[in-house]
2 protein chains.
Amino acid sequence: MAVTLKEVAEKAGVSRSAVSRTFTDGASVSEKMRRKVEKAAQELGYSPNALASSLTTGRTKLIGLVSNNFHNPIFLQVFDLFTRGLQDRGLRPLLVNLTDETDPATSVRMLRQYSVDGVVVASSTLPPGFAKAFRDAGVPVVHSFGRYSAAPQVHVVGIDNVECGRMAARTLVERGYKKVAFLGGPESATSTQDRYTGFMSEMAAHPDVKTTYSFAKAYSFEAGRQEMLRLLKSAPADAYFCGDDVLSIGVLSALQDSGLQVPEDVGVIGLNDMEMARWESIDLTTIHQPIRQIITSTIELMVAMLDEPDRYPEARIFPCSVVERGTLRPAP
Amino acid sequence: MAVTLKEVAEKAGVSRSAVSRTFTDGASVSEKMRRKVEKAAQELGYSPNALASSLTTGRTKLIGLVSNNFHNPIFLQVFDLFTRGLQDRGLRPLLVNLTDETDPATSVRMLRQYSVDGVVVASSTLPPGFAKAFRDAGVPVVHSFGRYSAAPQVHVVGIDNVECGRMAARTLVERGYKKVAFLGGPESATSTQDRYTGFMSEMAAHPDVKTTYSFAKAYSFEAGRQEMLRLLKSAPADAYFCGDDVLSIGVLSALQDSGLQVPEDVGVIGLNDMEMARWESIDLTTIHQPIRQIITSTIELMVAMLDEPDRYPEARIFPCSVVERGTLRPAP
DNA sequence: ATCCATTTTGCAACCGGTTGCAAAATCAAG
DNA sequence: CTTGATTTTGCAACCGGTTGCAAAATGGAT
């Protein structure tokens with residue numbers, strides 16, 4: 001079907017090596033030869049087979065992009081940035097959607113079969129062990145939005161979720177709220193656990209403020225809304241730190257139905273600063289996660305690892321900050 | 001680095017062909033041989049190199065997934081469904097993000113270099129010519145969410161946008177609105193054009209109803225909001241058909257700020273029926289687009305084409321229907 | 001044990017490229 | 001016009017698999 005190297009070589013009346021060399025930069029070819037070959041290639045509509053060449057070079061320029069967050073709108077932006085960033089560098093993302101059924105071993109095997117040069121795990125809910133499996137298989141891996149650890153086993157790029165939890169707690173205390181609550185995402189997610197830990201550790205220093213917590217079933221609008229509706233029936237707090245903006249928006253919707261005023265009766269602070277948080281109808285006070293920087297850094301790290309696979313694992317942590325909007329009352 | 005066929009063959013004391021055969025189903029291998037080989041493979045941790053085998057078999061099981069809709073939240077669901085559907089069938093999506101800068105020829109060349117078995121173009125804004133370029137290059141292609149045509153040049157799976165436009169117009173007329181408007185997405189998008197055409201053709205039959213139109217700069221919340229704010233300053237209509245739910249939500253936000261009541265003072269109908277349309281705080285009346293069915297059908301068509309590349313181009317059109325919620329007043 | 005049909009196995013060529021090495025060509029200097 | 005250094009080119013082996021073909025092994029019937 002497709003035109004091959006050999007055909008171009010024959011048409012141009014040169015050796016196959018000559019053709020190969022004109023298409024690999026850095027190879028030694030005279031100007032005359034290059035012109036001859038390019039002409040023939042042009043006429044035949046030849047373009048080299050990247051996979052065949054990968055056999056000898058050992059590089060496919062394929063990067064596995066593994067995620068399980070296909071429901072949080074923020075990940076559309078994540079995919080956008082990843083695909084652009086990778087293709088700008090001549091790399092191709094091979095997408096893997098990790099559903100509940102697919103076990104880690106399968107995805108590792110699958111990506112190895114396709115000889116990806118590296119893997120980016122983009123998820124805030126997977127444990128470090130997942131990314132580790134790739135490293136153990138000898139595949140360069142970066143876990144973005146992953147759990148930060150002092151002694152990282154794999155490269156991690158993200159934020160300090162524990163610190164974010166503390167930051168949220170401090171902010172709520174500052175504003176004079178007296179009954180605060182953590183409303184997290186799924187309990188199994190490392191991001192939920194860490195935000196919980198940080199939140200609680202900071203609140204421990206404020207025994208005068210009543211602190212409670214609960215978890216939504218997923219990082220989704222509906223889960224946040226349902227959990228808030230449930231909480232409203234028992235003992236509602238006067239301020240909530242939600243583990244994710246999308247939960248916050250669900251919470252706001254439930255509060256609106258209940259007739260409670262935000263931020264007068266109850267305050268809400270989220271995490272992520274997704275685009276929707278800026279919408280006038282939502283106007284959510286939240287903790288900004290620098291997604292763009294995280295992704296740029298992840299890609300840079302990945303590219304560096306391609307040349308230096310045994311690079312010592314490092315954690316790159318980006319600072320977050322509170323974005324003041326309308327769902328928290330001002331500091332007194 | 002990775003274990004190869006040859007090493008397994010040596011360890012098992014058999015020929016390379018024998019090993020190859022145990023890993024390709026349908027090949028003739030005795031039970032005894034298979035056990036011997038599998039044992040050796042197991043011990044060495046061998047797994048076949050899919051790309052090497054693609055060289056001889058001519059199949060990579062790679063499917064290019066090309067899109068330029070990385071901003072409409074609905075596409076997160078689209079990617080979710082596509083990736084799951086493809087990987088359930090043993091196919092791997094190679095994602096291509098078509099930005100304004102990347103020209104079509106480049107993406108065609110790129111996907112050919114990776115010898116993808118087929119390409120799915122998932123976009124409601126690209127002209128049929130884009131998908132056609134793949135067909136011309138001999139790559140099986142299905143354009144999902146593409147423009148429907150009576151004599152399709154490529155396989156198309158989607159909805160009849162013209163009919164949707166008519167449906168929206170009929171619905172607004174039925175409810176007794178007297179000054180209706182079409183608020184479309186980017187004018188260059190085929191989906192916008194078709195919805196416009198349908199809307200206007202139906203309204204032509206109702207000269208008593210004043211009809212106007214305008215276009216937002218993108219299929220986004222902010223673009224919809226801005227356009228509505230602009231319209232509010234001049235001569236607002238009493239009902240709007242928005243070319244997409246995400247526009248509708250922007251429009252609702254602008255209306256809310258203006259103090260106008262929905263649906264009493266002004267009605268809004270969208271298109272897509274995205275998850276957010278169901279949120280109580282939004283409660284958008286809209287035209288449902290059967291995304292799940294479109295994607296399932298696209299994948300089935302793609303799989304069929306892998307066996308029969310010259311299959312005659314067909315258009316698969318799924319019916320849409322109005323979902324009654326709270327942004328349109330009831331029929332009198 | 002012999003013969004023939006059927007299955008299993010290995011050989012070797014091939015898929016579409018790359019690359020080390022040595023021969024051929026080019027170039028500048030003598 | 002030599003000579004020697006330097007660049008360009010082609011040969012042939014290789015990357016990790018697959019597959020047509022013929023030889024070897026197996027099995028059943030006589």
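Letters A, B, ... are given to chains in the order of the sequence lines, protein chains preceding strands, and every chain is numbered from 1. If you're wondering where the values come from, they're calculated on a predicted model, not measured in any experiment.
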(request) Could you state the atom-to-atom distance from CG of A:Leu5 to P of D:dG10 in whole Å? (result) 12 Å
(request) Could you pull out the closest heavy-atom pair between B:Ser191 and B:Ser124, with the gap in Å? (result) OG-O, 2.9 Å
(request) State, to 0.1 Å, how close A:Ser123 and A:His143 come at their nearest heavy-atom pair, and which atoms those are. (result) O-NE2, 3.0 Å
(message) Between A:Thr56 and C:dT18, is there a contact of a side-chain N or O with OP1 or OP2 at under 4.0 Å?
(response) no
(message) Mind checking if B:Val29 touches a base, just sugar-phosphate, or nothing, with heavy atoms under 4.0 Å?
(response) sugar-phosphate
(message) Side-chain N or O of A:Tyr46 versus OP1/OP2 of C:dG17: is the shortest distance under 4.0 Å?
(response) yes
(message) When you measure only distances, ignoring hydrogens and angles, does the side chain of B:Arg21 come within 3.5 Å of the base of C:dG10 through a donor and an acceptor?
(response) yes
(message) Quick check on DNA chain C: between A:Thr4 and B:Ala18, whose nearest nucleotide comes earlier from the 5' end?
(response) B:Ala18
(request) Whole angstrom is fine here: how far is it from CZ in A:Arg59 over to C1' in C:dT18? (result) 15 Å
(message) Measuring to OP1 and OP2 of D:dT8, would you say a side-chain N or O of A:Ser28 lies under 4.0 angstrom away?
(response) yes
(message) Check the phosphate of C:dT18 against A:Ser20, side-chain N and O only, distance under 4.0 Å to OP1 or OP2. Yes or no?
(response) yes
(message) If I take atom CD in residue A:Glu10 and atom P in nucleotide C:dG16, what distance separates them, rounded to the nearest angstrom?
(response) 12 Å
(message) Of the listed nucleotides (C:dG10, D:dT18, C:dG17), which one gets closest to any side-chain atom of B:Thr57?
(response) D:dT18
(request) Give the rounded distance in Å between these two atoms: NZ of B:Lys36 and P of C:dT8. (result) 14 Å
What side-chain donor-acceptor pairs closer than 3.5 Å can you find for residues 30-39 of chain A, not counting sequence neighbours?
unit_1, atom_1, unit_2, atom_2, d
A:Ser30, OG, A:Met33, N, 3.2
A:Arg34, NH2, A:Thr22, O, 3.1
A:Lys39, NZ, A:Glu43, OE2, 3.4

(message) If you compare all heavy atoms of A:Thr60 against all heavy atoms of B:Tyr114, which two are closest, and at what distance to 0.1 Å?
(response) O-OH, 2.8 Å
(message) Does this structure show an ion pair linking A:Arg84 with A:Asp80, if we count only N-O contacts that are shorter than 4.0 Å?
(response) yes
(request) Report the distance from atom CD of A:Glu300 to atom CD of A:Gln293, rounding to the nearest 0.5 Å. (result) 11.0 Å
(request) Send over the distance from A:Arg34 CZ to D:dT9 P, rounded to a whole Å. (result) 10 Å
(message) Students often get this wrong, so: under 4.0 angstrom with heavy atoms, is A:Ser54 touching a base, only sugar-phosphate, or nothing?
(response) nothing
(message) If you compare every side-chain N and O of B:Ser30 against the phosphate oxygens of C:dT9 (OP1, OP2), does one of them come in below 4.0 Å?
(response) yes
(request) Please figure out whether B:Lys32 or B:Ser53 has its closest DNA chain D nucleotide nearer the 5' end. (result) B:Ser53
(message) Can you tell me if A:Ser17 touches the phosphate of D:dG10, counting only side-chain N or O atoms and a distance under 4.0 Å to OP1 or OP2?
(response) no
(request) Find the distance A:Gln113:CD to D:dG17:P and express it as a whole number of Å. (result) 10 Å
(request) Give the rounded distance in Å between these two atoms: CD of A:Glu31 and C1' of D:dT9. (result) 15 Å
(request) Check the distance between C:dG17's P and B:Leu55's CG and give it to me in whole angstrom. (result) 9 Å
(message) Any N or O donor-acceptor pair under 3.5 Å from the base of D:dG17 to the side chain of B:Arg16?
(response) yes
